[in-house]
2 protein chains.
Amino acid sequence: MAYHHGDLRRALLDAAVEMIEESGPAALSLRELARRAGVSHAAPAHHFGDKQGLLTALVVQGFELLGQALTEAGEDFHEAGLAYLRFAVDHRAHFEVMFRPELYRAEAPEVLAASARASEVLDHGARAAVGAGQDAEMAGIAAWSLVHGFASLWISGALPSRVGEDPVAAARPVVHMLFGRGENGVPR
Amino acid sequence: MAYHHGDLRRALLDAAVEMIEESGPAALSLRELARRAGVSHAAPAHHFGDKQGLLTALVVQGFELLGQALTEAGEDFHEAGLAYLRFAVDHRAHFEVMFRPELYRAEAPEVLAASARASEVLDHGARAAVGAGQDAEMAGIAAWSLVHGFASLWISGALPSRVGEDPVAAARPVVHMLFGRGENGVPR
DNA sequence: CCCCCAATCTTGTCGGTGACAAGATGAGAG
DNA sequence: CTCTCATCTTGTCACCGACAAGATTGGGGG
């Protein structure tokens, strides 16, 4: 066994994502993680310090991916909402940890920076959709709550099964209920 | 030390709620729980089998409380939404476990019964607000997503601090954004 | 070219935890 | 009064996270 793995840090993060997707963040075990990566049980500590450190790194990665996804979604606020949902579903592991601050070091500067960048994209979209003013803030929170709630409920399996298998398709009409269908705000 | 506690089951559930509110469901320890209740480390197992059993009991209690809160909120759909939020904030521990099915036995009959009863109340409210038809289902999901998302974001501390300290007051205008302010649905 | 140093990974250990087994206790039925 | 059984305790095991100390190796300075 080579002493120098090559890219153990990334391998551990990838394995962590896999394990969290299988059985949730609570069940994540650093030792099992090391086992999957083929290293000793203490190897992860070198790269991340402790479990919180690992999850902190995962969260930073998550906020970066989210910011990127929102940016790529472009100007349309509805599409940004659906991109948020797509991110949550496609990166369930990241998403589930990101909004559970007791699991990681939420006050770490890298986390604050990455999350600030992501929410800035969101804010910008809200202002573009509603126009400036006090309403923009509320509209942003409403839209964020809607897609975040839908994503959470979808992931937890709480939504009735007749909404179908594709969360984005199922969410589209729901997202359009907020702000009406263009007739009630959303100048585009 | 009395061998018969009297109402150990309830005492354990109460202590569990307290501990989860302090540091989340992941950090819950059955042994610390037993310590707080003043019993031996194996006493909880007798009442709940294992950790999942304890959380299952907690979730059943949670869905019962939620159904009750929604029922008491009455006919107004907006008020039901705010009652949902109030439940989430006032019973953070229950709420946090209820929507994390990997932590408990979601398929247990008591859980299914309690959750079915709660969502029936929600469904009834949605139909009353929007009228019958296919839209009622979507309206229900939209409203549920909105308040669930707001509650989750509030609890996780993700919302900007300028929304204030009272979640229900902060959410009221947000909830009213969906369905407009009575002019766009919500016949009452 | 070689050696040393520092980053990387391993081995060993400790206290804490969940689950299980076996035993002690006492409340209530008869 | 005694038996019975639900309730709780004691004891144990494997696993986990954190820490300490040691082994290995790649790369840069001599």
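In what follows, chains carry the letters A, B, and so on, assigned in the order in which the sequence lines appear, proteins first and then strands, with residues in each chain numbered from 1.
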Closest nucleotide among [options] to the [X] side chain:
X	options	value
B/S40	C/dG18, D/dT9, D/dA18	D/dT9
A/L30	D/dA18, C/dA19, D/dC8	D/dA18
A/R31	D/dC8, C/dA19, C/dT13	C/dT13

To the nearest angstrom, how far is [X] atom [atom1] from [N] atom [atom2]?
X	N	atom1	atom2	value
A/L33	D/dC16	CG	P	11 Å
B/L12	D/dC8	CG	C1'	11 Å
A/E32	D/dA14	CD	P	18 Å
A/F48	C/dC9	CZ	P	11 Å
B/H41	D/dT10	NE2	C1'	6 Å

**OP:** Assign each of B/S29 and A/A42 to its nearest nucleotide of DNA chain C by heavy atoms, then name whichever residue's nucleotide is nearer the 5' end.
**Re:** A/A42

Original post:
Does a side-chain N or O from A/H47 land closer than 4.0 Å to OP1 or OP2 of C/dC9, or not?
Top reply: yes

Original post:
Counting only side-chain N and O atoms of B/H46, is one of them less than 4.0 Å from OP1 or OP2 of D/dT7?
Top reply: yes

**OP:** Could you tell me the separation between the CE atom of B/M98 and the CG atom of B/L103, rounded to the nearest 0.5 Å?
**Re:** 13.0 Å

Subject >> Atom pair CZ (A/R9) and CG (A/D14), whose distance is rounded to the nearest 0.5 Å >> reply: 11.5 Å

Original post:
Closer to the 5' end of DNA chain D via nearest nucleotide, is it A/R35 or A/A45?
Top reply: A/R35

Original post:
Checking all strands, does B/L28 fall into the base, sugar-phosphate, or nothing category for heavy-atom contacts under 4.0 angstrom?
Top reply: sugar-phosphate

Original post:
Considering all heavy atoms of both residues, which atom of A/E21 and which atom of A/D90 are nearest to each other, and what is their separation?
Top reply: OE2-O, 4.3 Å

Original post:
Are A/H148 and A/F95 close enough that their ring centres sit under 6.0 Å apart?
Top reply: yes

